[in-house]
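If you're wondering where the values come from, they're calculated on a predicted model, not measured in any experiment. Here is the naming used below: chain letters follow the sequence lines, and residue numbers restart at 1 for every chain.
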Number of protein chains: 2
Amino acid sequence: MFHPIKDVKVYELVIEQIKNMIIEGKLKRGDKLPSERELVEQLQVSRASIREALSALQIIGLIESRHGEGNFIKEKLDNNFLEPLSTLFLLEEQSPKEILEFRTILEVSSAAMAAKNATTEQILMLQNVVKDLEENRKDEDLNIKLDKKFHYTIAQITGNRLLYNILNSISDLIDISIKYTRSKILMDPKNQEILIEQHKGIFAAIAKGDPELASERMKSHLDYVNKCIIEQEQKRLSSF
Amino acid sequence: MFHPIKDVKVYELVIEQIKNMIIEGKLKRGDKLPSERELVEQLQVSRASIREALSALQIIGLIESRHGEGNFIKEKLDNNFLEPLSTLFLLEEQSPKEILEFRTILEVSSAAMAAKNATTEQILMLQNVVKDLEENRKDEDLNIKLDKKFHYTIAQITGNRLLYNILNSISDLIDISIKYTRSKILMDPKNQEILIEQHKGIFAAIAKGDPELASERMKSHLDYVNKCIIEQEQKRLSSF
């Protein structure tokens, strides 16, 4: 099963072996890992290295420690297991433009997939988000949350868990992106109604089960957001 | 700068504070972190918790430890910092279908973006991959690598680093997906020439700078891959 390790960066090798067992299908969701003591014996590394590896695996959300029972491969994935990517990307320049571009790629297709797959229940869920957006015009903090919820609900309706997981993995980035873009767009107050209409339009196309219309409207929406930001940026520059 | 923490899951709180400093722009690429001792004092937690947090941050590739110098926010991001997602997704059922669907979304757009942005140097790089694919028909292990390299080179040419980073973050999944899909497709030997022609066609559209043709050809390629897999699956089932 496990084989001994003799080298530096020991915890990485421990993680590698656990990962390989998952790839080979030997460890599955909910399975119990060997105890710390068993891992020390089987892998012939220090208890400290095993602990280091286990806590790292907890942090990335692959395993959970149940009190008095030991360590288990998680049954249900956390939504935030990938947040490190967000943090890393914040270290890059030019991120707002690239985030919006990336969102456009994912979300234009997602809207079409959602229009194909949405159940009545999911349509109602999305309708409620749109209704909340309409009824809370004055609470921008809430609107940021609702705006994000709208887009994440669509990603969920696609039924593609990799897509949804990846979008969740960059949740921090999307937060910052939505907050930033809305603040730029709403410098022109008439845009609030336009944004609401755009969200209603996307919702209507999904509810109607019209994939082409849904993706077309999502594209118009995100292109409009992009256009507003470029305009605001130009205004800002020309005011110097 | 840092403020004291008094609670359980201490290493997570340590990570949270470091992450926030990055979000706020107080820590940048290449910056040195306070020493372990300073962190113990500033955050008022045990040295063990600090170590646990630091090694987790190393594992996710956010910081690096330089011998005798201390810990630094990484200058250059690793390509594999996100591999945990791959491992997690392998625990899901139905992953091959969803991976291919996700790739189709990303790569159809990527092909168009690459056709818009490719420099002469990048076109030559992509051409070399296609040439290698043509000249190594018998070495399937090499072909798997080249096939992957072809798609990753296109993602890189898009110039969108978030897209490229995310594709790198699921590198294990893409490996498995390409290996799996090629093995299914090549059960019919005539498909090797078809695959080579498809890759040449995508390359030619990018080299010509024709975004529509490039995305159309990428879509045909991935749709063909999908069709072959479904057919092989049906054959397998009907042979029982």
Heavy atoms of other groups near [X] [atom1], more than 12 under 6.0 Å:
{"X": "K149(A)", "atom1": "NZ", "answer": "no"}
{"X": "E69(A)", "atom1": "CD", "answer": "yes"}
{"X": "K148(A)", "atom1": "NZ", "answer": "yes"}
{"X": "R66(B)", "atom1": "CZ", "answer": "yes"}
{"X": "E212(A)", "atom1": "CD", "answer": "no"}

Item to complete: Kindly indicate whether the side chain of E101(B), heavy atoms from C-beta on, has any atom under 4.5 Å from the side chain of M113(A).
Response: yes
Just verifying a value: how many Å separate [X] [atom1] and [Y] [atom2], rounded to the nearest 0.5 Å?
{"X": "E52(B)", "Y": "E52(A)", "atom1": "CD", "atom2": "CD", "answer": "9.0 Å"}
{"X": "L162(B)", "Y": "R103(A)", "atom1": "CG", "atom2": "CZ", "answer": "11.5 Å"}
{"X": "F102(A)", "Y": "L106(B)", "atom1": "CZ", "atom2": "CG", "answer": "5.5 Å"}

Do I105(B) and N160(A) pass the side-chain contact (heavy atoms from CB on, under 4.5 Å) test, and can you show the C-alpha distance, the side-chain angles, and the key distance before you say yes or no?
CA-CA 11 Å; I105(B) 296 171; N160(A) 187 308; 5.6 Å; no
